[in-house]
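Inspection log for the structure reproduced underneath, given as structure tokens.
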Amino acid sequence: MDSAEFHAAVYDKVREIPVGSVTSYGHIAKLIGMPRHSRHVGQALKFLSPQTNPPIPWQRVLGASGTISSRGPGSDGAQRQRDALEAEGVEVTVGRTGEMRVDLARFGWFPAPVTTAGGRRSTSGEDTEEEDEDA
DNA sequence: TTAATGACGTGCC
DNA sequence: CGGCACGCCATTA
């Protein structure tokens, strides 16, 4: 798979994230069949954000713990991401160290991968997890 | 060709 | 929960 196709795949998946929901780089990587390329997903987003026509909702992609990546102190990207998320109705909390994170139990969006063959994970039905958690 | 980097993830303390 | 170390891998120096 070329970087171009990788970017396309990432773009396609990220675009599927429903409004008001978030997911992790790692999950995107899994969805496109490359669970070890979590870091490259982020790179793809960086590469795509300024040039995709229907703007890619990169703000809906966070770290595996629901934490927003720093992306550099000088860059306000993280701040913009938080703002964009809140604008969509996603609750963003800030810790002491200024770390911003989202409650994945409430806003997380983790569809099961296709699991072509050999992959354990029941092909029939859906995975039994998450679902509505109301507090 | 080797070394370093990074929008990450997981295991440990 | 906070912080730290190690593993992954394509890209870049």
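Letters go in sequence order (proteins before strands), and every chain restarts at 1.
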*asked:* Tell me whether the rings of His37(A) and Phe6(A) are parallel (<30°), tilted (30 to 60°) or perpendicular (>60°).
replied: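 The arrangement is tilted - the two ring planes meet at 30° to 60°.
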For [Y], does its backbone N or O pair with a side-chain atom of [X] as donor and acceptor, under 3.5 Å?
| X | Y | result |
| --- | --- | --- |
| Asp103(A) | Ala105(A) | yes |
| Ser24(A) | Leu62(A) | no |
| Glu88(A) | Ala84(A) | no |

Is [X] touching bases, backbone alone, or none of the nucleic acid, heavy atoms closer than 4.0 Å?
| X | value |
| --- | --- |
| Ser69(A) | sugar-phosphate |
| Glu99(A) | sugar-phosphate |
| Ser65(A) | nothing |

*Considering only heavy atoms and no angle criterion, is a donor-acceptor pair shorter than 3.5 Å present between the side chain of His37(A) and the base of dC9(C)?*
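Looking at the base of dC9(C), it does not pair with any donor or acceptor on the side chain of His37(A) (distance under 3.5 Å).
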*asked:* Using a strict heavy-atom distance below 4.0 Å, which residues from residues 84-93 of chain A are in contact with DNA chain B?
replied: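 Correct list: empty, so none.
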_Students should find this one: the first and last nucleotides of DNA chain B, 5' to 3', lying under 4.0 Å from a heavy atom of chain A. What are they?_
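Listing 5' to 3', DNA chain B meets chain A from dG6(B) to dT10(B).
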*By nearest nucleotide on DNA chain C, pick out whichever of Gln43(A) and Arg36(A) is the more 5' one.*
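Result: Arg36(A).
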*If you look at every heavy atom in Ser69(A) and Ala78(A), which pair is closest and at what distance?*
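The pair with the smallest heavy-atom distance is O-CB, 3.7 Å.
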*Are any of the side-chain heavy atoms of Leu85(A) and Phe107(A) separated by less than 4.5 Å?*
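No, too far: nothing below the 4.5 Å cut-off.
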Protein-nucleotide distance ([X], atom [atom1]; [N], atom [atom2]), rounded to Å:
| X | N | atom1 | atom2 | answer |
| --- | --- | --- | --- | --- |
| His40(A) | dT11(C) | NE2 | C1' | 8 Å |
| Tyr25(A) | dC8(C) | OH | C1' | 17 Å |
| Arg101(A) | dG2(C) | CZ | P | 7 Å |

*For DNA chain B, whose closest nucleotide is more 5', that of Lys30(A) or that of Gln81(A)?*
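Per heavy-atom nearest nucleotide, the more 5' residue is Gln81(A).
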*Rounded to the nearest 0.5 Å, what's the gap from CE on Met34(A) to CD1 on Ile28(A)? Could you check?*
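It is 14.0 Å, given to the nearest 0.5 Å.
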*Would you give the length of the straight line joining atom CD of Gln51(A) to atom OH of Tyr11(A), rounded to the nearest 0.5 angstrom?*
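Interatomic distance, Gln51(A) CD to Tyr11(A) OH, rounded to 0.5 Å: 10.0 Å.
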_Salt-bridge criterion met for Arg15(A) and Asp12(A) (N-O under 4.0 Å)_ =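 Between Asp12(A) and Arg15(A) there is a salt bridge, with a charged N closer than 4.0 Å to a carboxylate O.
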